[in-house]
Structures are given as structure tokens and as C-alpha cells.
Protein chains: 2
Amino acid sequence: MAKLSDVAKKAGVSVTTVSRVINNYGSLSEKTKNAVFTAMHELNYQPNSLARSLQGKQTKLVGVIFPSITNPFYAELIADIEDKLFKNGYKVILCNANENAEKELSYLRMLTANQVDGIIVGTHSNEIKEYQTMDLPVVSFDRTLGTKIPTISSDNFQGAQLATQELVDSGANNIYFIGKTHLGSAKNPTDLREKGFAKTLEQNSLKPHYLDLDNDLSNNIKKMKIRDFLTNTPTVDGIFTSDDFTALLVMEVAQSLKIDVPKNLKVIGFDGTQLIQSFHPELSTIAQPIQDIAELLIGTLDERINQHKEFENAKLVLPNRLIKSNSTQK
Amino acid sequence: MAKLSDVAKKAGVSVTTVSRVINNYGSLSEKTKNAVFTAMHELNYQPNSLARSLQGKQTKLVGVIFPSITNPFYAELIADIEDKLFKNGYKVILCNANENAEKELSYLRMLTANQVDGIIVGTHSNEIKEYQTMDLPVVSFDRTLGTKIPTISSDNFQGAQLATQELVDSGANNIYFIGKTHLGSAKNPTDLREKGFAKTLEQNSLKPHYLDLDNDLSNNIKKMKIRDFLTNTPTVDGIFTSDDFTALLVMEVAQSLKIDVPKNLKVIGFDGTQLIQSFHPELSTIAQPIQDIAELLIGTLDERINQHKEFENAKLVLPNRLIKSNSTQK
DNA sequence: TTGAAAGCGCTAACAT
DNA sequence: ATGTTAGCGCTTTCAA
């Protein structure tokens, strides 16, 4: 691998000069510039970014930590983040935390050891205190990590309101929320979906009902629980699920039980990924603004990295959008 | 950020000694070891991997280049790769090539500039010659990049045979392949699916039929083409698609046309991702051994990186597995 | 068992 | 307009 001094020798100049033309600063004559450029080409020279960063230059590396990459919502968000970061000259170190706090912590150390310029986190383990004490720029998606760390999210409360109101408007009276319920705690921004649900029903003088369904359960067990529920609760006529997957499961089970969706049961999900929308356009859902989220995450991180902007209890919230489709048809 | 010399000062030893305990070599007395460890803890010391790698040490960074991360097949493969690399102490630089040769090339430069220890590629642009001239360990998924670069893939030919035979066995006679067809060229390993299809039908004295469907088309256009095809080709009774997505589209369109699957039309896909299997268990498909592929990719890369093993025209092929389900029921 | 010092490839202050 | 040189934080010979 050719290095700076090789280029310098070949071009008949000093290393400084080569460094200058690479970084394009100071005064250079056209002649030397050209000499250096040709030397660089001939040697197929690539600057070693390790050596560069060692002087305090940015590494242009950003750690991106998410709980899963196979979940289409995260996949689409990560894809957007990667693409936008690339356009800004950054590379992504992908950290798939896998709901594993130990792995996440280990990644955190690796990232600081690698001198990343910043970190984008979207995981949900609350055990990791390190984020607060790190002096690295961090931005978070949908999770409160500390007062200094800005949190970007979509408006889960408003989204849930949209969804619930859609169920009411389509004629449902006996409406259930299906998902992981944390009635009361609301540490997780996502719990706001529950609150928005309850609030909207209250405003419509209806009673909220819940079916707790842990996210960690296997699909088969979820299906079984949903089947159980639907069989024993013939009164239910509207369901708001915590995510599109669960909504799909509900629709599948309903079909197998010959329950007509949307005639006898309205269903609405949450997330609105392109993947699920393209294969199940019949599903009404709340679409999170994935592109905007990615943009805001990166914009905010950029402000922290390049303008050293400080944040204090910043919660940046983007509006959600209702996708009205067949599963909530009147 | 504390550095080696800080630790040395605090522990009352030289930097050499600290370096020795970090890397655990040379002879150290227990006493100094302990002194250094406590100093490290107190300062919350993290070695700077940039400085380390500058001496020629490995960066423990691997570039992972794929055409898409939102496609569940790649998402699941990347997730497996990431997890296994992590267990081996490597970090992943995620490169989403997006079917964009320019971006891919640019990433390639970035990766070499960052001194990655190796690269795993799964993209399909044939324009990039750089792979062959790089002296970096590269392994490829499902794509021939050059004689020195080992190619790992599942057995597309055998998979297609399994799929096609399943259609025949379930009683279909008038069988179509739907997907991007490249009749004859077979540069892409994936084209072997077409060959396996043709071969199997020949063995069963049946004639192969094709519906060319470009992957780049939007879902709506694909659906339209499929609808057209099914409407105008009432004789078709078996369909093998190039991937599960297309199979799902076929089933959706068939349903809307009141064509009974599997009674009047057998359908089988390819890929067998967990995601699609969990939401469409009724789809028969060929499951690629994603975990094994990931393992083999990493194992091979590891041989190249750490044992400097050379490969010449290596094609490592893993068997596929038939998932027999409702869509090909007799 | 420990330390001094050279140097990895680059940048940037300081000279000229 | 160009060059000399001192580091960045670490590893590693070589010497003690």
C-alpha cells in the first residue's frame, strides 16, 4: 500500500506538499498540484484514514445501534439512515443489539475505542447508564437516555389517537388494544400509544379494553392467544394493535375463524412500513415518517458533532399519518 | 479521553509496561499488573484502536456490502453475519449498495482507506473490476467476482430442481417460471434457478414456460403483469417464482381472480425467509440455509485473513431445502 | 521484570 | 510556494 512519502518521492516534492494537495489548503502552484495528482494516480494512492484520524481529524464513522435489523421497520429506518449518512461522507458501523444489554454495552466500548464521531441508538434496554456519561455525541430514537441526549420519535400519542378514532369512525364500539401493555408506567415512548388509545376512547365515551401480548412470544403462541381471545370475546368489533405484525396475525386468525374483516371486525396497525404495505395494502395503519425520522436523527447528530450544539431534555416529535384502507372500512 | 501515558503515570510504570499488560505478553509481576489494572479502571481507560491499527495490527473491521437491507432475505443474512462477526470480535461497516455501482465503488475506497481486515460482498453489479485487483481478503455471496475470490452460495440449481419437481409431483403439467429471465447467459449464479427449472421439466417430459418479470418493476406493475398473464393463460397450473415476494404477488392476484390455490394452481417460491414464512406459512418454498451461508462466508473470510489461505476458482455451494406447504398441496 | 526510544502514516505549526 | 519537524496514541525492538 503506497503511502504519503511514496507519492512525495515520486512527485519530487515533500510530504507536506502532498498533504496539502490532498486536503486542498495552503498555496500550491498548478504545476506541483498536477505532479502530485499524477503520482497519486500512478501509485493508486489511498490516504490511510487511521493515521489521519489519529491527529484528531474526524473518523467519519457513526455507530448505529438498533434492537433488530430483520424487523422491516428498523430495516427501513436503518437503510434510510445509512443512505443519508453516506451522502454526508459518513460510514455506518452496524450494531445489532438483539435485545441483549451485554452485547450493546460491548458495542459501546468498541465504538468509543474506534473513535466514532457519533452514535445513533434505537434500543430499548434501560440498563445501560454509559450513554449519559459518554462525552460522545449521541442521539436516540424513541427512547429517553438522559437529559443531554436528544430523543427523536414519531408522535406515538397522536398516532394512537388517529388509529383509535378511525376505529370509532368506522363504527366500532367494543375496542381493544393488543400488544405489550404497561398500564401506567410509560417510561417507553411507545407506551404513549396506549395512552392515546385510552384518551380517544374516553373522548368518545367508550371504554378501553386490553389484551396483553408480549412481544417476545413466538408467532404461534401469539396466534394461539389471539385465537383464544377472539373466540371468547365475540363482542369485540375493533382492534388497535401495537404494530403491523400483530395486526396481520389478528387478520389471519380472524379469517380462519370466519370472522369477516372489516364487516364484523375493524383492525388497524402501527408502523406502516413499505414492505408490509406492499404485500398487505388492505391493512389500515399508522405510518411513521421513516424518512423524516432518519433525516432528523442525522441532522441532530450533525449539529452535535459539527456545531457542538448542546441539548437539554430535547424531545423532537414528528407527526404520524393515517393510512386508511380496507381493514377499517365501514 | 485517558491515554496510555496517563495510565502509566497513575500506575507509576512506563508505557511499555502498560502496553504489555493490555496485550498480555512479556513477563510481568503480579504487583505491576494489578497496579496497572486499577489505574486503568480508575481512568476508565479504553485503548485507541486507531493508534493500535496504525502499527499494522488488525482493525477488526469488516465491510459488508449488499444490494439492499430492506429485502428480508438480505436483512436476515446480514443480521446473521453481523452476529457471528461480533462473536469473533469484528465490527461491521454496513454498505448498502442500493444497486448503485458508483456508490459501491465509493464504499470500496472508503473501506480500504479505513484499513478494513476484509470484505463480504453480495451485490450484483458486474461493472466493478476493483475487487480483483485489491489485495484485501474478499469473499462473495452468490456472485463471481474473479478467480481469487471465493464464491459462497446456496445450490440454486438443486433448489430449482426441488421446487420444480414439487410442482410436477403435486400434479401440475403446464408450468411457468416467473422472474427475471436471462435465458442462456447464466453469468449470475441465480440464473441457475432457471436452468434447474428447465432441466427438471425436461426430465419429466414437460415443456418449460416463462414469464419475464423484471425485478425493478414496482409492485403494482408486477401485479398488473401477473393479472394479465393469469387471465390470458388459463392453462397454467403450476408456477415457480424466482423469489417469495413474487410468489406472494401471484397468490394475491390469483385470489382476486378467484383462482383456487392450490386446487387449480400450484405456486412455489424461493428464499424461505423467517419473516415470510411466519406470515405466510401456507407458501411452499425453497429455503436457503441463511445461517450456514453466513457461517461459511465468515469462516472463509477468516481463513483468508488469519491463515492467508489462497483460493482459486473456489465455489462453495450449500444445499437448499424444500418447505412443502399448502400452496403446492395435491 | 522493566524502560527508552523509534516509528506506524499522516497533519500542521513553524520556517524559509 | 514549499520544506522541516514534532507529534497523534500506541506497539515493539533493544537494552538494562
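The sequence lines fix the lettering, A, B, ..., with proteins before strands; numbering per chain opens at 1.
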> Looking at every non-hydrogen atom in both residues, tell me the closest pair between B/Phe66 and B/Thr123 and how far apart they are.
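Between these two residues, the closest heavy atoms are C-CG2, 3.6 Å.
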
> Going by distance alone, is a donor N or O of one side chain under 3.5 Å from an acceptor N or O of the other, for A/Glu104 and A/Tyr131?
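Note: A/Glu104 and A/Tyr131 side chains meet the donor-acceptor criterion.
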
> May I ask you to check if A/Lys103 and B/Phe86 form a cation-pi contact, with NZ or CZ under 6.0 angstrom from the six-membered ring centre and within 45° of the axis?
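Yes.
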
> What residues form a salt bridge (charged side-chain N to carboxylate O under 4.0 Å, His left out) with B/Glu312, not counting sequence neighbours?
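Here the qualifying residues are B/Lys148.
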
> What does A/Ser29 touch in the nucleic acid at a heavy-atom separation under 4.0 angstrom: a base, only the sugar-phosphate, or nothing?
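The residue A/Ser29 makes sugar-phosphate contact but no base contact.
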
> Any base atoms under 4.0 Å from A/Thr32, or only sugar-phosphate, or nothing? Heavy atoms, all strands.
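Sugar-phosphate, backbone atoms only, no base.
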
> Under 3.5 Å, which N/O atoms of the protein pair with N/O atoms of nucleotides 3-5 of chain C?
unit_1, atom_1, unit_2, atom_2, d
C/dG3, OP2, B/Ser14, N, 2.8
C/dG3, OP2, B/Ser14, OG, 3.1
C/dG3, OP2, B/Thr17, OG1, 2.5
C/dG3, N7, B/Arg20, NH1, 3.3
C/dG3, O6, B/Arg20, NH2, 2.4
C/dA4, N7, B/Thr16, OG1, 3.3
C/dA4, N6, B/Thr16, OG1, 2.9

> For DNA chain D, which residues of residues 33-41 of chain A approach it to below 4.0 angstrom with any heavy atom?
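Here the set is empty: none.
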
> On DNA chain C, nearest-nucleotide positions of A/Val18 versus B/Gly26: which is more 5'?
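Comparing both residues, the 5'-ward one is B/Gly26.
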
> Are a donor atom and an acceptor atom from the side chains of A/Asp117 and A/Asn306 found within less than 3.5 Å of each other?
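Short answer, no.
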
> Hey, does the side chain of A/Ser19 come within less than 4.0 Å of C/dC10's phosphate (OP1/OP2), counting only N and O?
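Result: no.
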
> Within less than 4.0 Å of OP1 or OP2 of C/dA12, is there a side-chain N or O belonging to A/Lys57?
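Answer is yes, contact under 4.0 Å.
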
> Is it the case that B/Thr151 and B/Arg143 place a side-chain donor and acceptor less than 3.5 Å from each other?
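The criterion, which ignores hydrogens and geometry beyond distance, is not satisfied for B/Arg143 and B/Thr151.
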
> Answer with base, sugar-phosphate or nothing: what part of the nucleic acid does A/Ser53 contact at a heavy-atom distance below 4.0 Å?
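Since no nucleic acid heavy atom lies under 4.0 Å of A/Ser53, the category is nothing.
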
> Can you list the residues that meet the side chain to side chain contact (heavy atoms under 4.5 Å, CB included) rule with B/Ala294, with sequence neighbours excluded?
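Partners of B/Ala294 under the side chain to side chain contact (heavy atoms under 4.5 Å, CB included) test: B/Leu77, B/Asp80, B/Ile81, B/Lys84.
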
> Does any donor atom in the side chain of A/Asn23 or A/Arg52 lie under 3.5 Å from an acceptor atom in the other side chain?
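Indeed, the side chains of A/Asn23 and A/Arg52 share at least one donor-acceptor pair under 3.5 Å.
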
> For the pair made of CD1 in A/Ile22 and C1' in C/dC10, what is the distance, rounded to whole Å?
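Atom-to-atom, A/Ile22 to C/dC10, this comes out as 9 Å.
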
> Whole angstroms only, please: what is the NZ-P distance between B/Lys9 and C/dT2?
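Atom-to-atom, B/Lys9 to C/dT2, this comes out as 20 Å.
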
> Starting at atom CG of A/Leu43, determine the distance to atom P of C/dC10, rounded to an integer number of angstrom.
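For the pair A/Leu43 CG and C/dC10 P, the rounded distance is 12 Å.
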
> If you restrict it to nitrogen or oxygen atoms, what contacts under 3.5 Å exist between nucleotides 6-9 of chain C and the protein, and what is each distance?
unit_1, atom_1, unit_2, atom_2, d
C/dG7, N2, B/Gln55, OE1, 2.6
C/dG7, N2, B/Gln55, NE2, 3.4
C/dC8, O2, B/Gln55, OE1, 3.2
C/dC8, O2, B/Gln55, NE2, 2.7
C/dG9, OP2, A/Lys3, NZ, 2.6
C/dG9, N2, A/Ala51, O, 3.3
C/dG9, N2, A/Gln55, NE2, 2.4

> Check whether any side-chain heavy atom of B/Leu316 sits under 4.5 Å from a side-chain heavy atom of B/Thr300, and report yes or no.
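In contact.
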
> Atom CG of B/Asn24 to atom P of D/dC10: distance rounded to whole Å?
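Computing the B/Asn24:CG to D/dC10:P distance gives 18 Å.
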
> For residues 2-18 of chain B, which residue pairs qualify under side-chain hydrogen bond (donor to acceptor under 3.5 Å, both in side chains), counting only residues two or more places apart or in two chains?
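Non-adjacent pairs meeting side-chain hydrogen bond (donor to acceptor under 3.5 Å, both in side chains): B/Ser14-B/Thr17.
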
> What class does the angle between the rings of B/Tyr74 and B/His124 fall in, given that below 30° is parallel, 30 to 60° is tilted and above 60° is perpendicular?
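Geometry flag for B/His124 against B/Tyr74: tilted rings.
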
